[in-house]
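Computed from heavy atoms alone, side chains included, the values below leave out hydrogens, waters and symmetry copies. Convention: sequence-line order gives letters A, B, ...; per-chain numbering from 1.
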2 protein chains.
Amino acid sequence: MRSPSELTTVFRSQGMKLTPQRQLLFRLLHGNITHPSADALYLLASAHMPGISLRTVYQTLNDLASMGELQQLALGTGSARFDPNIGAHHHTICQRCGEVRDVYLTGDMPAYVQDLAGFVVDSAAVVLHGTCAQCRAGESTAKSDNRRNNVVYNKENST
Amino acid sequence: MRSPSELTTVFRSQGMKLTPQRQLLFRLLHGNITHPSADALYLLASAHMPGISLRTVYQTLNDLASMGELQQLALGTGSARFDPNIGAHHHTICQRCGEVRDVYLTGDMPAYVQDLAGFVVDSAAVVLHGTCAQCRAGESTAKSDNRRNNVVYNKENST
DNA sequence: ACGCTCATCTGCAACTCATGCGAACAACCA
DNA sequence: TGGTTGTTCGCATGAGTTGCAGATGAGCGT
Ligand SMILES: [Mn+2]
Ligand SMILES: [Mn+2]
Ligand SMILES: [Zn+2]
Ligand SMILES: [Zn+2]
């Protein structure tokens with residue numbers, strides 16, 4: 001995803017308005033490596049702008065995704081995850097706490113044993129399911145519903 | 001997934017009952033390569049046993065999945081897909097019609113550029129997003145909601 | 001600065017997919 | 001055949017997401 005100031009230019013050039021809600025979400029998403037869900041981002045945004053609506057968060061996430069500024073990940077955790085890192089990379093997901101982290105693989109996909117019967121591949125997604133170090137260390141810190149905890153406001157984006 | 005007769009033995013040995021609903025679903029799933037959703041399987045089952053409930057289909061799919069007889073795929077198409085093929089393999093998914101097909105890859109995953117920071121991998125899933133041959137051929141045959149059509153009762157399992 | 005206009009925001013209803021629940025049912029065994 | 005108990009079914013509920021329409025306000029021309 002491009003920087004908030006670059007997005008400012010892009011949005012203006014498309015006749016779109018620069019609302020405080022959008023500006024906040026731009027800042028919260030830029031450089032965010034937590035792969036937040038819409039709800040997680042909503043909680044985070046609410047701390048900075050009480051009253052912002054979940055609907056607006058969804059709206060903005062969808063806008064950014066359809067503009068190609070965000071990648072939408074469907075990892076089967078119940079809710080979609082959004083990723084401002086739109087470069088080629090893959091993910092690990094902890095089956096216990098839901099944390100998603102980036103993984104960069106060497107080389108390309110292996111060759112196919114069978115031909116794909118005319119199927120044309122647009123993109124390949126590799127998802128490594130497993131358990132993160134923190135969850136393996138202690139059960140006490142890893143509750144079943146701490147999926148929201150993995151959204152940590154990274155200092156770089158702080159006001 | 002094991003054969004219906006094998007599952008009969010397994011279920012009985014676990015104190016579970018062999019209802020007609022379960023027997024039908026065993027037959028409809030065995031060798032089924034369409035990766036049906038619960039709803040798609042429900043529609044198929046309803047043709048053979050009018051009155052069977054969607055709830056029972058979900059129940060049986062979950063039972064089989066937790067017994068390790070089925071693989072549950074979260075491909076982000078809106079609903080979970082169930083796969084009686086529990087061997088190591090991967091999938092293509094057509095972004096237009098939702099068709100899911102098996103893909104077998106040569107060799108193992110590429111080595112990781114970065115270490116996984118203590119993350120222990122249980123399984124790796126590769127999903128190739130793209131467009132199937134049929135959808136590329138003609139728009140006319142590929143409506144947006146023909147996701148249900150991809151469940152074809154394969155002759156081998158016919159009564 | 002002011003007012004106009006139209007994109008946006010917000011709250012709520014609706015929708016899809018999946019599960020919880022309890023009464024009716026029926027497979028299995030004695 | 002009758003009783004026990006797992007199963008089925010219908011409906012309510014829940015999570016996640018989108019549709020909708022009135023209120024709001026950003027951007028622009030004056
Ligand atoms: Mn990522
Ligand atoms: Mn498969
Ligand atoms: Zn974890
Ligand atoms: Zn297709």
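Of the side-chain N and O atoms in A/Thr19, one or more sit less than 4.0 angstrom from OP1 or OP2 of C/dC9. For the pair A/Gln21 and D/dG25, the criterion of a side-chain N or O lying under 4.0 Å from OP1 or OP2 is not met.
In this structure a side-chain-to-backbone donor-acceptor pair under 3.5 Å is present from A/Ser13 to A/Val10. Listed for the A/Arg101 side chain is no donor-acceptor partner under 3.5 Å among the backbone atoms of A/Ile33. Remark: the backbone N or O of B/Ser46 is not paired with any side-chain donor or acceptor of B/His48 at under 3.5 angstrom.
Residue B/Asp39 contributes atom CG, which lies 11 Å from atom P of C/dT16 at whole-angstrom precision. The CG atom of B/Leu18 sits 19 Å away from the P atom of D/dT5 (whole-angstrom rounding). Following rounding to the nearest Å, A/Leu43 (CG) and D/dA15 (P) show an atom-to-atom distance of 14 Å. The separation between A/Tyr42 atom OH and D/dT17 atom C1' is 15 Å, rounded to whole Å. The distance from atom CD of A/Gln14 to atom P of C/dA7 is 13 Å, rounded to the nearest whole Å.
Ring planes of A/His91 and A/His35: perpendicular class, angle over 60° (limits at 30 and 60°).
Taking both residues in full, the closest heavy atoms of A/Met49 and A/Leu24 are given as CB-CD2, 3.6 Å, listed atom of the first, atom of the second, then distance. In this structure, B/Ile86 and B/Glu69 approach most closely via the heavy-atom pair CG2-O, 3.6 Å.
Shown for residues 49-67 of chain A: residues whose heavy atoms fall under 4.0 angstrom of DNA chain C, namely A/Gly51, A/Ile52, A/Ser53, A/Arg55, A/Thr56.
Toward the 5′ end of DNA chain C lies the nearest nucleotide of A/Phe11, the other residue of the pair B/Met16 and A/Phe11 mapping further downstream.
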